[in-house]
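Just below is one structure, and these are the notes that go with it.
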There are 2 protein chains.
Amino acid sequence: MSSCGVLVVAGTHGNEVNAPWLLQQWQANPDLIDAAGLAVQKVIGNPEALRRRCRYVDRDLNRCFLPEQLEQGASGLEFQRAGELLRLHGPSGEQPCAVAIDLHSTTAAMGNSLVVYGRRPADLALAALVQGALGLPIYLHEADAQQTGFLVESWPCGLVIEVGPVPQGLLNAGVVEQTRLGLESCLRALYQVRQELARLPDALVVHRHLGSRDLPKAENGEPQALVHPELQGRDWQNIASTQAMFRAADGTDRCEAWVGGEIPVFVNEAAYAEKSIAFSLTRREVWPVEPNWLLALKQLLAAA
Amino acid sequence: MSSCGVLVVAGTHGNEVNAPWLLQQWQANPDLIDAAGLAVQKVIGNPEALRRRCRYVDRDLNRCFLPEQLEQGASGLEFQRAGELLRLHGPSGEQPCAVAIDLHSTTAAMGNSLVVYGRRPADLALAALVQGALGLPIYLHEADAQQTGFLVESWPCGLVIEVGPVPQGLLNAGVVEQTRLGLESCLRALYQVRQELARLPDALVVHRHLGSRDLPKAENGEPQALVHPELQGRDWQNIASTQAMFRAADGTDRCEAWVGGEIPVFVNEAAYAEKSIAFSLTRREVWPVEPNWLLALKQLLAAA
C-alpha cells in the first residue's frame, strides 16, 4: 500500500490554525488518525504565514496554483511555495502524491463540509464515499472565473475539508475533532478503493456554485449594510424569498430578491471581504453516481 | 450640556472592526445614536492597526496607559498613540473629557457586557445605571498585576463595552447593534446624572476577577489540549465542579478541579493566547449600591 501517496495539507492559510495543530498532534501520536496503511505526506502549506498568524504574506496561496504563472516563475512568497509543494509532492514530484486533501477552516457556519472544484470523476468518487460515510454537505465550486488557482486542482484528485464557524487564529477542540473525522474518513475511503472494498452510494448531493454577492457599498468602498442577522449562520439552509439579505446600522433592512431555491454558503467568511464576497449562492442538486467515477479513482490509486 | 466631554473610542484593537464601523456610520448619520446633548469626542484608538486589521503594531494599546512609562517617553507606535490620546482628549487635554467609553469585541461568548477596572465610585455608578437599564453583566477586573495599563483607567471615569462572540476582523450586524445599544445606554445614563434624573438600582451584580487559566502546554510551549467543547461558549455560567476544563486531540479530557462558584469569562478569546490566558475565573457578587458612587459621578460631570 505504501506506494499510494496522499498529500495532507494544513495551514494553506496561516490564520486557519486548527488543522496545523491537529497535524502536529498526529505527528506526536501516530494513533490519532488511522492512515489505513496509506503513505501520507503531511505538510504545512504556508509555514511563514502560519508563523505570522495571517492568511498569507504576498498573495492567497490557495489562488496560486496557476500552471501558466508558475511556469513563468511568478514572484512572491506564495507563488514560490506553490512551485515548491509541486516539486516536492506533486504528481511528478520527489515524493509523488496522487491525491491532495487540503484542510481549511472558516468563520462561516459551514459545519463539517467538503469543497470540490469542478467535476473530475475521481474527486466526485472520493466526495461521494465521504458523504456516504459521514453525510457531509458538498460545495461544488465551478465556473467562477474570478476564483481560480486552488491547490487541489494541481493534483489528479483532491478536495478541501472546510470546517466552521471558528474565528481566525483560534484553536477550538470541536473544530479539531471535526477536521480529524473528515480527514480519517477520506483516508479510509481511499484505502477501500485501493482494496476493492469501496461501494459508492446511488446519488451524490451537491450544492453547485451559482455566484456570489457582496455587501452594499458606498462609493468609497465602505459597506453601507451588513449581512442580515437572520441570514448569519444559515449556510446550507433554504431561505424564504422574503428574507432581507442585509441590514444597515440604523436597523433598516436592504431587501434584495432571493431566487427560489438558492442556498447560501460561506456566509460572512472573514477572509472573503477582500474578495468582495459577503456570501455565495448555490443550488442543491442530486446527481446519480456514475460508474466511471470510481473507475477513475481506482486507476489513479493503482498507478500511484 | 456641551461642556461635559465624553470620549468614545473604537478600534483600540485594530482587528475589532465592528465599533469602528458603527462610529463611521454614526458620523454619516447623527441620528443613529442619541448623544443626549453630551459633547462626544469620537476617535479611532489605533488607526494604523485598524488599517492593517491587526490587534496592534508594536504593543497592545490597551496595556499602554501606564503613567510612568508615558512620562518617560516609552517608544513604539502604541505608547506614542496613548500619549497622543491623552494630550488630545485626556482630562487635561485640548478637548478635555471626563469620561471614556472604550468599545471592544471578543471571540468569547461574552454577549453584551461591561468591563470595569477596579472600584472607582464613578465607574461603579455608571455601570450600575447601565446594568439597571439593560441588565448587562459586569466583569470587574482588579488585582491582576500581569494586566495593567488599560485605556479607561487614564480618565476619571470610564468603562469598556465588550461584545461577542465575533471573529476578529469580521463585521456582524448583531454585534454592531449590541454595541450601539450599550453605548447609547451609557450616554443616556450620563445625561440623567447631569440632569439630576438618575436613580441607581439598590444593588450591583459584578463578576469579580479571581485569576486566569492557561491551556496545558508542552515544554516547547505548544498546547497539549484545548478548551473543552462543553466549556466553550459558557461565559458567565455556573459550571459543574465535575466539568473537565480541557480536551486533547485524541478526545481524552484533562480534568482540573473547579472551585465551587467560580464562573468563567473570556473563554477562548483569540487575542489572549499570547497572554497565556485560556479563560479567566470570577466570582459573582451582589454589592449594595453606595450613595457616594452617584455623588462621585455627579461631581465629575459638574466639573467637566
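Everything numeric here is computed off the predicted structure, so don't read it as measured data.
Using a 4.5 Å cut-off between heavy atoms, A/N15 does not touch chain B at all. At a 4.5 Å heavy-atom cutoff, B/A271 makes no contact with chain A through either its backbone or its side chain. Looking at B/A249, the atoms closer than 4.5 Å to chain A (heavy atoms on both sides) sit in the backbone and in the side chain alike. For A/N268, the parts lying near chain B are the backbone and the side chain together; criterion is any non-hydrogen pair under 4.5 Å. If you measure heavy-atom distances from B/Q24 to chain A, the contacts under 4.5 Å come from the side chain alone. Of the atoms belonging to A/L171, heavy atoms from both backbone and side chain fall under 4.5 Å from chain B. There is no contact between A/A218 and chain B, counting heavy-atom distances below 4.5 Å. For A/E222, the part lying under 4.5 angstrom from a heavy atom of chain B is the side chain only. For a residue to count as touching a neighbouring chain, one of its non-hydrogen atoms must lie under 4.5 Å from one of that chain's; by this rule B/V176 touches chain A with the side chain only. Neither the backbone nor the side chain of B/D31 comes within contact range of chain A; no heavy atoms are under 4.5 Å apart.
Comparing A/P165, A/A225, A/A173, A/A270 by how many heavy-atom pairs each has under 4.5 Å with chain B, the most go to A/A173. When each of A/V17, A/N172, A/L215, A/V227 is checked for heavy-atom pairs under 4.5 Å with chain B, A/N172 comes out on top. Ranked by heavy-atom pairs under 4.5 Å with chain A, the first of B/V166, B/V175, B/L32 is B/L32. Looking only at heavy-atom pairs under 4.5 Å with chain B, the residue among A/R180, A/R53, A/Q224 that has the most is A/Q224.
Considering CD of A/Q168 and OG1 of B/T107, their distance stands at 11.5 Å, rounded to 0.5 Å.
At least one donor-acceptor pair under 3.5 Å links the side chain of B/W21 to the backbone N or O of A/P223.
Atom CD of B/E274 has more than 12 neighbouring heavy atoms from other residues, nucleotides or ligands inside a 6.0 Å radius.
Closest heavy-atom contact between A/E269 and B/L170: C-CD1, 4.1 Å. Closest approach of B/G174 and A/P229 over heavy atoms only: N-CG, 4.3 Å.
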